[in-house]
There are 2 protein chains.
Amino acid sequence: MIDKNLLNALAGTMQPSGKKTVKQERIIESAIILFAEKGYSNTSTAEIAKMAEVAEGTIFKHYGTKENLLLSLLVPFLRDFLPVMADELMDDLMTQETSFQGFLKNLLKNRSEFFLENREVFQIFIKELIYKENLKNELLPYIIENGSSRLTKVIENFQKRGELVNKPAEFILKTLGTVISGFFISRFVLLNRQSISDEEIDEIIFLIVNGIGQ
Amino acid sequence: MIDKNLLNALAGTMQPSGKKTVKQERIIESAIILFAEKGYSNTSTAEIAKMAEVAEGTIFKHYGTKENLLLSLLVPFLRDFLPVMADELMDDLMTQETSFQGFLKNLLKNRSEFFLENREVFQIFIKELIYKENLKNELLPYIIENGSSRLTKVIENFQKRGELVNKPAEFILKTLGTVISGFFISRFVLLNRQSISDEEIDEIIFLIVNGIGQ
DNA sequence: AAAGAAAGTGAGTAACCACTCAATTTATAA
DNA sequence: TTATAAATTGAGTGGTTACTCACTTTCTTT
């Protein structure tokens, strides 16, 4: 069970990522493929060992438990996912004099590429998030807090410029969160898409900015 | 594995829903609670039997396999979910002279109530949909086809009245699908909400109709 | 009340599960 | 080269799983 808090999970027991054996890497790769395809609990360690062409014992020598193997492939993803969700935005906005629409496009293209590169791990993450109450309770508030605190400034900035509707930042955040998370989860997890076209990105941007009413 | 097509699954091997034993109903109820909470593959038939206060053999007498038990609780939900997604809309729109905004409100409140009533089965359905490629390949096109064909008329109607942006009905359908499915899945599956407030419904309607740009 | 059918039981089973461990191979360092 | 450490192996273990089946109980019909 994943019950240690996020910071512990990130900093903690994991060995430094540099010192990986060839077999260790094959184990991780195979686990990612199989977990994404069939789900964590429908994948046996025997299957992973077979695919990685490794003895089952090797998995447990390195990762101790199956749960810890899951954590070992989730943590690097989260370590990239969580901070970038807040930091890279700042650059995209503050350095350039982009419009809200341009800001949205940068954000969506950036996250689109990231999720595409990490498609399988993203799938594993969402699928596990749905089942594991404790993981949900640890991570969601963290993600929301982390994203909110910095995005709020961005939103208020655009409101001052008159590019955004004059409603509480909270409302705008919630709305953006619903639409954007819905967009990525439906595409990458539900529909299992291998790519996202620019047109599709333009389409939700149009919705977010203009709505579909007349 | 669920590989028969949808119509077979709906019409097929299932016994008529009327002739259920008390114990049969307790089995279904328990399975719904446990599958929703811990997921299908993390729930054992022994657990279900224990919760339903029934011998394990009884489950298999009636349902044959665990997979078929899953189907038996999913099918009534789908039988209600699929047609209503198309029929009830017609009434909400055609009989009343409602605005697009009113139409959306009716639609969202109606589906909100339905998903709330069937919260657990909806969760099970989405969770299984994510994993089972064949179920996804059978159902999603069916749902999309079924919803699209009738909603297209509604959309064109509102476009004629000048209440909707003048873009292809396909675009509007896709957009509505993304936002609405994202809304319900995030609330009922990811966040595990027990209710949806009217304000929240008004909020996405505002987004859908106006966007958040200025 | 008798008989047949249907519902319900629970101990038993083979397959599978995550995980262990003593033994072996390979890499590292002196 | 030799000693020590680290990586790898795979047969083995106890526990769990979905499912079976011979049997008993309850319902239905005449």
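Each chain gets a letter, A, B and so on, in the order its sequence line appears, and its residues count up from 1.
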Whole-Å distance between [N] [atom2] and [X] [atom1]?
X       : N      : atom1 : atom2 : value
A:Ile48 : C:dC19 : CD1   : P     : 11 Å
A:Phe60 : C:dA18 : CZ    : C1'   : 5 Å
A:Lys50 : D:dG10 : NZ    : P     : 14 Å
A:Ile27 : D:dT9  : CD1   : C1'   : 12 Å
A:Leu69 : C:dC19 : CG    : C1'   : 13 Å
B:Leu34 : D:dA18 : CG    : P     : 12 Å

Check: B:Gln123 side chain, B:Phe188 main-chain N or O, donor-acceptor pair, under 3.5 Å: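 Yes, the answer is positive, given that a donor and an acceptor are paired below the 3.5 Å cut-off.
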Pairs under 3.5 angstrom, nitrogen or oxygen only, protein versus nucleotides 7-9 of chain C, please.
unit_1: C:dG8; atom_1: OP2; unit_2: B:His62; atom_2: NE2; d: 2.6
unit_1: C:dG8; atom_1: O3'; unit_2: B:Lys23; atom_2: NZ; d: 3.2
unit_1: C:dG8; atom_1: O6; unit_2: B:Lys61; atom_2: NZ; d: 2.8
unit_1: C:dT9; atom_1: OP1; unit_2: B:Lys23; atom_2: NZ; d: 2.8
unit_1: C:dT9; atom_1: OP2; unit_2: B:Ala55; atom_2: N; d: 3.0
unit_1: C:dT9; atom_1: OP2; unit_2: B:Thr58; atom_2: OG1; d: 2.7

Exercise: do B:Arg187 and A:Thr178 side chains pair donor with acceptor under 3.5 Å: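 Result is yes, a qualifying pair exists.
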Close approaches to DNA chain D from residues 35-47 of chain A, in residue order (heavy atom, under 4.0 Å):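 When residues 35-47 of chain A is checked for heavy atoms under 4.0 Å from DNA chain D, there are no hits whatsoever.
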CD/B:Glu170: more than 12 non-hydrogen atoms of other groups inside 6.0 Å: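 Open.
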Parallel, tilted or perpendicular: ring planes of B:Phe115 versus B:Phe122, cut at 30 and 60 degrees: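 Geometry flag for B:Phe122 against B:Phe115: parallel rings.
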Whether A:Phe77 and A:Phe114 hold their rings parallel, tilted or perpendicular, with breakpoints at 30° and 60°: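 Rings of A:Phe77 and A:Phe114: parallel, under 30°.
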Cationic tip of B:Lys153 above B:Phe158 ring, under 6.0 Å, 45° of axis: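 Pair B:Lys153/B:Phe158 does not count as cation-pi.
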Test: A:Lys174 cationic atom under 6.0 Å from A:Phe171 six-membered ring centre, within 45° of axis: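 The answer is no; the distance or angle limit is not met.
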Gap separating the CD1 atom of A:Ile33 from the CD atom of A:Glu120, nearest 0.5 angstrom: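 Output value for this atom pair is 6.0 Å.
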